[in-house]
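What follows is a single structure, written as structure tokens, with notes after it.
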Amino acid sequence: MEITAVRGFNDVLPGDTEVWRHIEDNAFRVFSSYGFSEIKVPIAEKTELFLRSIGATTDIVEKEMYTFTDRHGDSLTLRPEGTAPVVRAYIEHKLYTNPVSKLYYSGPMFRYERPQKGRYRQFYQIGAEILGDPSPRADAEALQMLMRLFEEINVRGAELNINSLGDAHCRPAYKERLKNYLSGVKDRLCDNCLRRIDANPLRALDCKSPGCIEATHDAPSIVESLCAPCAVHFDKVREHLGLSGIEATVNPRMVRGLDYYTRTTFEITSAGLGSQNAIAAGGRYDGLVEELGGPATPCFGFAIGIERVALIIKEGGVYRKPLAVFIALGAEAEKKGIELLKAWRDRGIRIVEDFSDGSLKSRMKRADRAGARYAVILGEDELKSGTVTVKDMKSAGQEKVAWDLAPDRIAIG
RNA sequence: GUGGGCGUAGCUCAACGGUUAGAGCACCGGACUGUGGCUCCGGGGGCUGGGGGUUCAAGUCCCCUCGUCCACCCCA
């Protein structure tokens, strides 16, 4: 049996890599314009980091982590998400001595799940984190930045859903109220939600089972149970989104899968992706830095799923410089070609040489199949006159061009 | 972890249990000795995912296994 890639770990091939590059380049450019800097963090961390940040009873920690013991006996985990490593680095390098840190990253994450459309075991996220800014305006601006990115790379039909999960003051009380409510409608809940009543009651609001949707219809709403500071914060976020011209739907039933979120949470979905329709999500995590041993630091962050965005914008097409194929006829032309190609590439021309030695006909055919916009031929005639024949494969017109003028001719798409 | 669909050429797919498993596209060559796309002709390509079973005979039926896709769970 030939060796194949690991289940859920995919190759990204030419054709797709251009789309990925396009997404990343634009994200970096847009984030940079909002004052973000790149940070690179390892893909493996001590397991404890994720246990303490994501939450010990979340699905991610309970059944989705790639955890292993290294040769030294330490328990390591391939990062299932990017925020915890960034926060760890933030504390470790005492970046909190800056008033505010705006960081972005891009790279693979790992979760042991059954693969399906838009969901893989190794998947890529572009994330951004604002550390040290408590302002609701930071939340709104980050969302504005994200929507701007999606607009610029032609992600159509992106819908923003927002919610507030409250904070350490108001969430526990709300949880209790919700527990009581759920206990009262026990007989109508699915098995899963029955377990959730104690473990994670908020999740029941998110359940897709018809019975649960029905049963939780009149459940107490989190946004109506926020304490005054949280309510003010949420109002400000919405106000500033409005001022930015961004439409957001308040969805009090939207719950996140990570424990560290406080106050604002959001999710951006796009139709046409099947059931894995979230293309970006995130929120505020005001308690995490302190939880991990740093000073109290309010933060806001999000992550974008690159595969999912790529699935959406794929058909758009991405610009590439026109390709030229160089065909040398005879030994002398081949020698001269080395010098010419070097000079042309110095000037940024995208050109490849056809090293085959078939008939010119077959080599022209190869150039065409390679997707060449131009065929550049150097034969005996051209060698004598110091020219090359540049044939435009689209219009079929051709002309002899002096060697040093060829790049100008070829550069025109 | 649960459920369902699908595994035949590089790709998309045919083949009633019955000759040597085919087609289109792609690839290579020729018709056309320095000019691609269109057309025509020819060529290379397959342990029919793997293993076991039923049968005179299995790509086809049965069992197991692996892979893959979609959905659930959950999430980017």
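Computed from coordinates, the D11(A) CG to G67(B) C1' distance equals 15 Å when rounded to whole Å. Summarising the geometry, the separation between CE on M364(A) and P on C32(B) is reported as 19 Å, rounded to the nearest angstrom. Distance L383(A) CG to G34(B) P: 18 Å, rounded to the nearest Å. Here the C1' atom of nucleotide U33(B) and the CG atom of L329(A) are 12 Å apart, to the nearest Å. D368(A) places its CG atom 9 Å from the P atom of C27(B), with the value rounded to the nearest Å. Summarising the geometry, the separation between OH on Y120(A) and P on C69(B) is reported as 8 Å, rounded to the nearest angstrom. Rounded to whole Å, atom C1' of C75(B) lies 15 Å from atom CE of M65(A). Note: CD (E113(A)) to P (C69(B)) measures 14 Å, nearest angstrom.
Taking a pair to require two hydrogen-bonding distances under 3.5 Å in either a Watson-Crick or a G-U wobble arrangement, G44(B) remains unpaired. Applying the Watson-Crick and G-U wobble criteria (two distances, each under 3.5 Å), C11(B) pairs with G24(B).
Counting any heavy atom pair closer than 4.0 Å across all strands shown, I279(A) reaches sugar-phosphate atoms only and no base atom. Within the 4.0 angstrom heavy-atom criterion, no nucleotide atom of any strand lies near G127(A). Within the nucleic acid shown, A280(A) comes within 4.0 Å of sugar-phosphate atoms alone, with no base atom in reach, counting heavy atoms only. A396(A) comes within 4.0 angstrom of a base, heavy atoms only. Across all strands shown, I60(A) has no heavy atoms under 4.0 Å from either base or sugar-phosphate atoms. Within 4.0 Å of I268(A), counting heavy atoms only, lies no atom of the nucleic acid at all.
Between Q116(A) and C70(B) there is no side-chain N or O to OP1 or OP2 distance below 4.0 Å. When the side-chain nitrogen and oxygen atoms of R369(A) are compared with OP1 and OP2 of C27(B), one or more of them lie within a distance under 4.0 Å. For K361(A), no side-chain nitrogen or oxygen approaches OP1 or OP2 of C32(B) to under 4.0 Å. Residue R256(A) places at least one side-chain N or O closer than 4.0 Å to OP1 or OP2 of A76(B).
Side-chain N/O atoms of K391(A) and base N/O atoms of G36(B) include a donor-acceptor pair closer than 3.5 Å. At a cut-off of 3.5 angstrom, the base of G3(B) holds at least one donor-acceptor pair with the side chain of R114(A). For R7(A) against U68(B), no side-chain N or O and base N or O form a donor-acceptor pair under 3.5 Å. Side-chain N/O atoms of R308(A) and base N/O atoms of C75(B) include a donor-acceptor pair closer than 3.5 Å. A donor N or O paired with an acceptor N or O is found under 3.5 Å between the base of G34(B) and the side-chain atoms of E382(A).
Side-chain atoms of E382(A) and T389(A) form a donor-acceptor pair, as typed in the model, at a separation below 3.5 Å. Using modelled atom types, one finds a donor on one side chain and an acceptor on the other under 3.5 Å when comparing H233(A) with D139(A). For the residue pair E291(A) / Y285(A), no side-chain donor-acceptor distance below 3.5 Å is found, with atom types taken as modelled.
For the P atom pair drawn from U60(B) and G24(B), the interatomic distance equals 25 Å after rounding to whole Å. Nucleotides G22(B) and G46(B) place their P atoms 13 Å apart, quoted to the nearest Å. Spacing of C1' atoms, G67(B) relative to G30(B), comes out at 41 Å, to the nearest Å. On the P atoms, G49(B) is 31 Å away from C41(B), given to the nearest whole Å. With P as the reference atom, G37(B) and C25(B) are 14 Å apart, rounded to whole Å. One P atom belongs to A58(B), the other to C16(B), and the distance between them is 15 Å to the nearest Å. Between A9(B) and A21(B), the two P atoms lie 14 Å apart (nearest whole Å). C56(B) and G51(B) have their C1' atoms separated by 23 Å, given to the nearest Å.
Open room surrounds CD on E48(A); 12 or fewer heavy atoms of other groups in view lie less than 6.0 Å from it.
Once rounded to the nearest 0.5 Å, the distance linking CD1 of I54(A) with CZ of R79(A) reads 12.0 Å.
Between F9(A) and Y120(A), the ring center distance fails the sub-6.0 Å criterion.
In this structure, R119(A) and G282(A) both approach RNA chain B, and ranking their closest nucleotides by distance from the 5' end singles out R119(A). Nucleotides of RNA chain B nearest to Q398(A) and K117(A) differ in position, and the one nearer the 5' end is that of Q398(A).
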Next on the checklist: Please evaluate residues T69(A) and L76(A) with respect to the criterion side chain to side chain contact (heavy atoms under 4.5 Å, CB included), reporting the C-alpha separation (whole Å), side-chain torsions for both, the decisive distance (0.1 Å), and the verdict.
Outcome noted: CA-CA 6 Å; T69(A) 305; L76(A) 305 185; over 6 Å; no
